[in-house]
Amino acid sequence: MSTARSWESSTPLDTAMTAGSVLPRGFFDRSAEEVAPALLGRRFTRRTAEGEVTVRLTEVEAYAGPLDAASHAYRGPTARTEVMFGPPGHAYVYFTYGMHFCVNLVCREAGTASAVLLRAGEIVAGEELARSRRPRSSVRDLARGPARLCQALAIDRELNGADVCDPAGPLRIMAGDAVDLSLVRTGPRTGVNGAQDVPWRFWIDGEPSVSPYRPHVPRHRGRPTSDG
DNA sequence: ATCATGATGTTCT
DNA sequence: GAACATCATGATG
């Protein structure tokens, strides 16, 4: 088949790298659906003055550009999506639902919008700091979901555009630790209102930190009613 | 476990 | 004005 699981043929670009280095920018210079499964299992580290928190990525989602009705970049560049149209290897952070942030890693060359949403991870370092940021959360739920992950890692709009391939930067994606592709599962994306059938959600089989699948349900804001 | 709903502000129409 | 790449909470099984 020409279409089935074409991402499986992608080759790791970091086999010769040591565990302490970041992924090279070239890793991101290909389509989001190729990059997404290759990110699973890798370490993603946030540094602040308080210390570092690291997650092992367990769930991601790919978004393409103008051909993907679910992508923020579908209708062309705007002030919000400017970073998505920029060079690869940078963080696209957006604010949603009036209170949450989500983070993507930008793929492909400048001018072509494509990105991978980081949906969930397992905390592997800095758990105490992560718990202080989400004091009511169980350990399992600390980074289980895209907005929770941003909370645990203290990611907000200040990090929009941050270079995740910069080894000295506040956000780093590390080389190494990729999971074997035999452990990768795929399915429809979560929480999107268009192109839901594209199987561009990727996760590691059996991981407790993977978020439960919910079909998207549009809801309008509650209105005051005249009868109370 | 699932389901329903309120919270909240930015972006785009 | 409506939608939003969501989460916490409370009800229910």
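All values reported here derive from a predicted model rather than from experimental measurement. The sequence lines fix the lettering, A, B, ..., with proteins before strands; numbering per chain opens at 1. All values below were derived from every heavy atom in this structure, side-chain atoms included, with hydrogens, water molecules and symmetry-related copies excluded.
- For the segment residues 139-154 of chain A, no residue has any heavy atom less than 4.0 angstrom from an atom of DNA chain B.
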Check nucleotides 9-13 of chain C for protein N or O atoms closer than 3.5 Å to its own N or O atoms and list the pairs.
{"residue": "C:dT9", "atom": "OP1", "partner": "A:R136", "partner atom": "NE", "Å": "3.4"}

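- Checked against side chain to side chain donor-acceptor pair (under 3.5 Å), A:T45 has the following partners two or more places apart in sequence or in another chain: A:T54.
- For the side chain to side chain donor-acceptor pair (under 3.5 Å) test, residues two or more places apart in sequence or in another chain that qualify with A:H72 are A:Y92.
- No side-chain heavy atom of A:V116 sits under 4.5 Å from any side-chain heavy atom of A:F202.
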Fill in: CA sep, side-chain torsions, deciding dist, call: A:V103, A:L159, side chain to side chain contact (heavy atoms under 4.5 Å, CB included)
CA-CA 9 Å; A:V103 62; A:L159 290 174; over 6 Å; no
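- Qualifying side chain to side chain donor-acceptor pair (under 3.5 Å) partners for A:S71, counting only residues two or more places apart in sequence or in other chains: none.
- Under the salt bridge (Lys or Arg N to Asp or Glu O under 4.0 Å) criterion, A:R108 pairs with no residue, sequence neighbours left out.
- Atom P of nucleotide B:dT11 and atom CZ of A:F101 are separated by 10 Å, given to the nearest angstrom.
- Taking 4.0 angstrom as the limit, A:H72 places a side-chain polar atom (N or O) nearer than this to OP1 or OP2 of C:dA5.
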Practice prompt. Give DNA chain C the dot-bracket treatment, 5' to 3': Watson-Crick (N1-N3 with N6-O4 or O6-N4) or G-U (N1-O2, O6-N3) under 3.5 Å, [ ] crossing, | other strand.
Written response: ||||.|||||||.
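- Of the residues in residues 76-96 of chain A, those lying under 4.0 Å from DNA chain B by heavy-atom distance are A:T78, A:R80, A:F95.
- As a whole-Å value, the separation of A:E61 CD from C:dT6 C1' is 12 Å.
- Looking at every heavy atom in both residues, A:D29 comes nearest to A:E109 through OD1-N, 3.4 Å.
- Pairs engaging residues 153-169 of chain A under the salt bridge (charged side-chain N to carboxylate O under 4.0 Å, His left out) rule: A:R25-A:D163 [sequence neighbours left out].
- Taking the charged nitrogens against the carboxylate oxygens, A:R172 and A:E52 do have a contact shorter than 4.0 Å, which makes a salt bridge.
- Here the P atom of nucleotide C:dA5 and the OH atom of A:Y74 are 15 Å apart, to the nearest Å.
- Members clustered with A:V210: A:W203, by chain and number, using a 4.5 Å side-chain heavy-atom cutoff among hydrophobic residues.
- For the pair A:E61 and A:R189, the salt-bridge criterion is not met [side-chain N within less than 4.0 Å of a carboxylate O].
- Nucleotide C:dA3 holds its C1' atom 15 Å from the NE2 atom of A:H100, rounded to whole Å.
- Scored by the side-chain contact (heavy atoms from CB on, under 4.5 Å) test, A:A113 finds A:A73, A:M84, A:F85 as partners (sequence neighbours excluded).
- Residues passing the side chain to side chain donor-acceptor pair (under 3.5 Å) test with A:T48, sequence neighbours excluded: A:R133.
- Distance A:Y97 OH to B:dT8 C1': 12 Å, rounded to the nearest Å.
- Contacts of A:R201 with the nucleic acid, taken as non-hydrogen atoms under 4.0 Å apart, are absent.
- Remark: A:R75 is not in phosphate contact with B:dT11, judged by side-chain N or O atoms under 4.0 Å from OP1 or OP2.
- For the pair A:R134 CZ and C:dC7 P, the interatomic distance rounds to 8 Å; values are reported in whole Å.
- A 6.0 Å sphere centred on OH of A:Y74 holds no more than 12 heavy atoms belonging to other residues, nucleotides or ligands.
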